[in-house]
Participant: 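Structure below; questions to follow.
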Amino acid sequence: MADNTRAWMEELLAEMEERRKAVEAGGGLERVQKQHQAGKLTARERIHHLLDQGSFVELMPFAEHLETGLMEGVEAPADGVITGYGTIAGRKVCVFSQDFTVLGGSLGKMHGRKIAALMDLAAKIGAPLIGLNDSAGARIQEGVDSLSGYGEVFYRNAAYSGVIPQISAILGPCAGGAVYSPAMTDFVLMSRGNSYMFITGPEVIKSVTREEVSFEDLGGSEVHTTRSGVAHLEAQGDQEVLELIKRLLSYLPQSAKETPPWLDTGDPKDRPTAELLDLVHPDPKRPYSMHKVIEILLDRGEFLEVHPNFARNIIVGFGRLGGHSVGIVANNPRFMAGALDINASDKAARFIRTCDCFNVPILTLVDVTGFLPGVAQEHAGIIRHGAKMLYAYAEASVPKITLVTRKAYGGAYLAMNSRDMGADIVLAWPTSAVAVMGAEGAANIVYRKEIQSSPDPSATRAAKIAEYKKAFDNPYVAAGRGYIDDVINPSDTRRLLIQHLELLSTKTQSKPFRKHGNIPL
Ligand code: HXC
């Protein structure tokens, strides 16, 4: 009996292994070779590179596609998606990886069900969800069932937004639902040269609008990281994208219930930042590098810039101060003089809300003259878009620290997390000027009659500008009213920022009941 039992078990195990091998072979050797020739890893290789060695545990490998009319007799191992969990730097993550060698990674009902089940699991245990997307979108052969599969995924993208971090890597040609789901997640990363995102591909566009466009020009990583803003980051090839995901995760908590992990960076908290004394030039029209300011302030100078090539007039990204994860929002005086336009407002608002969801304190570095004037901006809705930024800052309940480095004028002063918009601590360098507008513009308006009627208008104008500068173009009027907590020596900036950040770590903020706010979109 014992022998029979063992033999029976061995037979069953052999069958199980055989089935597993067939699943692991994906779409077969030829398609795997094609995937490699395109410079891409396979779905399983990607998981292997992403997770800590040997940590991956697969779920539902034996899932099978629906036997609808057109799918009868079709082989679709694992239904074209590998799902499971593992660890990155010892922290739990849930991951799905679409297999382009199986029906182009297209999403059928079971494929969608597998991803949805994984999302439920990630939300229940409180772990980030990482999607490695390489998919032709809805599986044509399954018709409405494949659309239903996408519905299950989209529904959860929204339901778990702000609950757990959701990160999407785009690692192949992604169309239709395969781009809408990533677009609903917190971060989209693309691999340069072999990943594309579009709702409809070049063929369909040609037939409908007669426009001829290549894959790259329609939806390559350059387009989406510079022009559309759909993707936050790009890197060269699958492996670099996977490394970027790991870096990104290090700044984020497991879920909204936790704070981001503290990391011993070895950079002294009281390191003087005397290099900052030589950055800001007395001529307000001479730009300086805000990236340099950020680098000097942050632990080991490490900054993971998000959206680095989109709306470059504003800089956003993650770094550490005294080992604590912080989100940076900074004007970029080197690009459009740091003026806020539609794209900059969208970029900053989105980042502020992402930080707020996941308990990442926000440090705002201010050098801004205003919102960008112009008919095109007004007609495209700068009011609506700029309002997002005001809303996002006001709504964010994480610790918020603001440092004014030079100019903080008008509406943009308010938009860049001023005291009245809810900043917990506001600091300013002695180089800063907080006012309704710059001295030249102000003198022209306030003293126009005096200047015009004077025997020497240009001398009077210069005198009035100097007068205005002395009175308003400095941090002390704002400090005198309590809008600024302190005017500080740039050399002490890092030490003070860390001190304030640690003070604010116990910040709590209660809010009146509401279902949810109604941010202008
Ligand atoms: C089923 C598909 C498929 C699809 C491709 N395949 N698209 N199978 N459903 N949607 C299969 C091909 O038959 C082929 O099978 C394999 O996947 C690889 O496809 P190729 O075309 O050979 O690859 P490539 O030349 O690299 O082109 C990739 C592609 C192209 C750009 C993604 O296949 C394409 O344009 N597909 C259609 C995209 C699309 O329109 N999807 C529907 C979106 S609608 P074999 O057997 O040869 O390997 C949607 C609605 C969701 O998603 C709701 C949104 C709100």
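First listed ligand is number 1; within each ligand, the first listed atom is number 1.
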Participant: Among all the protein's heavy atoms, is there at least one whose distance to atom 40 (O) of ligand 1 comes out below 4.0 Å?
Facilitator: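 No; the ligand atom in question lacks any protein heavy-atom contact below 4.0 Å.
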Participant: Can you find a protein heavy atom under 4.0 Å from atom 9 (N) of ligand 1?
Facilitator: yes
Participant: Could you tell me whether K114 sits above the aromatic face of F96, with NZ or CZ closer than 6.0 angstrom to the six-membered ring centre and within 45 degrees of the axis?
Facilitator: no
Participant: Are any of the N/O atoms on R31, whether in the backbone or the side chain, positioned under 3.5 angstrom from an N/O atom of ligand 1?
Facilitator: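 Looking only at distances, the answer is yes, because the N/O contact criterion of under 3.5 Å is met.
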Participant: Do any nitrogen or oxygen atoms of A138 lie less than 3.5 angstrom from nitrogen or oxygen atoms of ligand 1?
Facilitator: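 Yes; the residue has a nitrogen or oxygen that sits under 3.5 Å from a nitrogen or oxygen of the ligand.
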Participant: Any side-chain to backbone donor/acceptor pair from N332 onto I315? Under 3.5 Å, distance only.
Facilitator: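 Flag not set: sc N332 to bb I315 has no pair under 3.5 Å.
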Participant: Would a 4.0 Å cut-off, counted as strictly less than, catch a protein heavy atom around atom 49 (C) of ligand 1?
Facilitator: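 Within 4.0 Å: yes, protein heavy atom nearby.
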Participant: Can you check which of K34, Q35, E203, Q141 brings a heavy atom nearest to atom 1 (C) of ligand 1?
Facilitator: Q141
Participant: What part of S106, side chain from CB on, backbone N/CA/C/O, both or neither, has a heavy atom under 4.0 Å from ligand 1?
Facilitator: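 Side chain only; the backbone of S106 stays clear of ligand 1.
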Participant: For the CD atom of E24 and the CG atom of D99, what is their distance to the nearest 0.5 Å?
Facilitator: 11.5 Å
Participant: Could you tell me whether atom 13 (O) of ligand 1 has at least one protein heavy atom nearer than 4.0 Å?
Facilitator: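 Within 4.0 Å of atom 13 (O) of ligand 1, no protein heavy atoms are found.
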Participant: Select the closest option to atom 43 (C) of ligand 1 among G176, P202, G172, judged by heavy-atom distance.
Facilitator: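 Among G176, P202, G172, the closest heavy atom to atom 43 (C) of ligand 1 belongs to G176.
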Participant: Quick one: do R19 and E15 make a salt bridge, cutoff under 4.0 Å?
Facilitator: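 Looking at E15 together with R19, the answer is yes, because their closest N to O distance falls below 4.0 Å.
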Participant: Nearest 0.5 Å, what's the CD1-CG distance between I314 and N343?
Facilitator: 11.5 Å
Participant: Output yes when a protein non-hydrogen atom is found under 4.0 Å of atom 30 (C) of ligand 1, and no otherwise.
Facilitator: no
Participant: For ligand 1, is any non-hydrogen atom under 4.0 Å from T101's backbone (N, CA, C, O), its side chain (CB onward), both, or neither?
Facilitator: neither
Participant: If you take the nearest heavy atom of each of A175, S146, A136, S181, which one is closest to atom 42 (C) of ligand 1?
Facilitator: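 That would be A136.
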Participant: Give yes if a backbone or side-chain nitrogen or oxygen of L147 is under 3.5 Å from a nitrogen or oxygen of ligand 1, and no if not.
Facilitator: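 No; every N/O pair is 3.5 Å or more apart.
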Participant: For ligand 1, does F100 get within less than 4.0 Å through its side chain, its backbone, both, or neither, judged by non-hydrogen atoms?
Facilitator: side chain
Participant: Measuring to protein heavy atoms, does anything land under 4.0 Å from atom 46 (O) of ligand 1?
Facilitator: yes
Participant: Return the orientation label for the F318 and Y251 ring planes: parallel under 30°, perpendicular over 60°, tilted otherwise.
Facilitator: parallel
Participant: Protein heavy atoms near atom 25 (O) of ligand 1, is at least one of them under 4.0 angstrom away?
Facilitator: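 It does not; no protein heavy atom is within 4.0 Å.
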Participant: Quick check on atom 35 (O) of ligand 1 - does any protein heavy atom sit closer than 4.0 Å to it?
Facilitator: no
Participant: Could you say whether the N/O atoms of A178 and ligand 1 ever approach to under 3.5 Å?
Facilitator: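 No, A178 has no N/O under 3.5 Å of an N/O on ligand 1.
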